[in-house]
A.B. asks: 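Sending over a structure as structure tokens; questions will come in a sec.
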Amino acid sequence: MTEIIVVTSGKGGVGKTTSSASLATGIAQLGKKVAVIDFDVGLRNLDLIMGCERRVVYDFVNVIHGEASLKQALIKDKRVETLFVLAASQTRDKDALTQEGVERVLDELAKDGFDYVICDSPAGIEKGAHLAMYFADRAVVVVNPEVSSVRDSDRILGLLASKTRRSERGEGGVPGHLLLTRYHPARVEAGEMLSLQDVEELLGIPVVGVIPESDGVLTASNTGVPVILDESSNAGQAYTDTVARLLGEVRPIRFLDAPKKGFLKRVFGG
Amino acid sequence: MGILDFLRNRREPPAAMAKERLRIIVAQERAHRGGPDYLPLMRNELLAVIRKYVHVDLDAIDIHLERDGEHDVLELSVALPEGKGGE
């Protein structure tokens with residue numbers, strides 16, 4: 001059985017691609033065969049985050065249009081044996097992706113024995129985002145503890161419940177998990193940022209992971225190595241925990257407390 | 001919270017304001033979700049007609065589409081301004 005997981009958010013810049021890259025890498029590290037697909041046609045970026053941008057010859061749209069086989073277009077990851085990347089096309093044609101085409105590619109991945117397909121959704125609620133979520137079995141909704149991101153996530157949860165294959169078949173919509181990213185415990189403690197509990201309460205679905213704000217994320221994208229492979233960074237460790245939870249393990253959420261301040265800072269604030 | 005923060009005499013923390021604003025807007029948007037796309041437009045047109053006769057606030061009209069067994073019930077409620085009831 002192939003499980004299709006969409007990584008989505010509505011709002012841009014919250015960490016969908018960073019999360020897709022790390023979750024796909026983490027699941028593949030456990031020996032599962034994983035394909036991660038960039039649905040952001042026209043604004044390809046997953047290849048950069050995965051560090052395979054110079055190896056893209058054929059892309060998702062080429063496969064859909066029959067200009068290349070799926071085998072030719074899948075880029076085998078150099079670090080994790082069972083991980084494959086399918087890059088987005090740089091075409092400006094908005095209709096390059098079709099529902100039938102996407103379904104055909106997903107079916108072929110299932111036939112080829114992939115355990116997981118991670119669909120990296122573009123921002124917004126247009127066609128690319130719709131097709132990324134349409135065939136999903138599960139959704140990871142990436143959200144920042146910030147008003148516009150939370151509102152957009154709620155909108156996306158509504159679409160997952162009504163505009164997907166599962167909802168059309170009467171199977172109850174696509175179940176979603178929240179992935180809270182760019183979390184800043186010190187600011188939460190200071191009352192400046194929505195807390196994990198606030199976001200969970202507002203959106204009404206469970207959190208599968210909390211990724212703390214971390215310098216490691218920028219370093220990872222600079223170097224083209226998914227941050228989950230940086231075991232020294234809090235973000236990397238938090239993604240490792242998230243992968244375990246996605247696959248059913250129960251793990252406590254880490255990095256929710258701010259580092260302890262020194263005596264002077266505690267007395268005088270700041 | 002340190003002495004400096006205390007002296008600044010802060011009002012409601014920003015995160016609490018964010019939560020309250022989100023609570024309201026999310027509830028409002030969920031209430032209208034799943035309804036037909038024409039509902040907001042119809043609401044505005046109905047409001048325009050009502051306002052030809054009675055001066056009501058822009059947010060005085062509430063439209064809900066509710067499923068009652070086999071039927072969809074369109075529920076419309078308009079809050080009229082006080083003291084104008086019997087004119």
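Order of the sequence lines fixes the chain letters, A, B, ..., with proteins taken first and strands second; residue numbering starts at 1 for each chain.
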A.B. asks: Would A:Arg182 and A:Val14 satisfy side-chain contact (heavy atoms from CB on, under 4.5 Å), going step by step from the backbone distance to the final call?
C.D. replies: CA-CA 8 Å; A:Arg182 310 203 69 161; A:Val14 298; over 6 Å; no
A.B. asks: Rounded to the nearest 0.5 Å, how far apart are CD of A:Glu103 and OH of A:Tyr134?
C.D. replies: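 If I round to the nearest 0.5 Å, the distance is 8.0 Å.
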A.B. asks: Determine the sole option in A:Asp120, A:Asp38, A:Thr8 for which the side-chain hydrogen bond (donor to acceptor under 3.5 Å, both in side chains) test with A:Ser20 is passed.
C.D. replies: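 Among A:Asp120, A:Asp38, A:Thr8, the one meeting side-chain hydrogen bond (donor to acceptor under 3.5 Å, both in side chains) with A:Ser20 is A:Asp120.
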A.B. asks: Quick one about B:Glu45 and B:Tyr38 (side-chain donor to acceptor, distance below 3.5 Å, no hydrogens or angles considered), yes or no?
C.D. replies: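 No - no donor-acceptor pair under 3.5 Å links their side chains.
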A.B. asks: Heavy-atom distance under 4.5 Å to chain B: side chain of A:Glu189, backbone, both or neither?
C.D. replies: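 When you check distances to chain B, no heavy atom of A:Glu189 falls under 4.5 Å.
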A.B. asks: Using a cut-off of under 4.5 Å for heavy-atom pairs, which of A:Leu202, A:Leu194, A:Leu203 has the most such pairs with chain B?
C.D. replies: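 Greatest number of close heavy-atom pairs with chain B: A:Leu202.
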A.B. asks: With a 4.5 angstrom heavy-atom cut-off, could you sort out which part of B:Ile25 is near chain A: side chain, backbone, both or neither?
C.D. replies: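 Interface part for B:Ile25: side chain.
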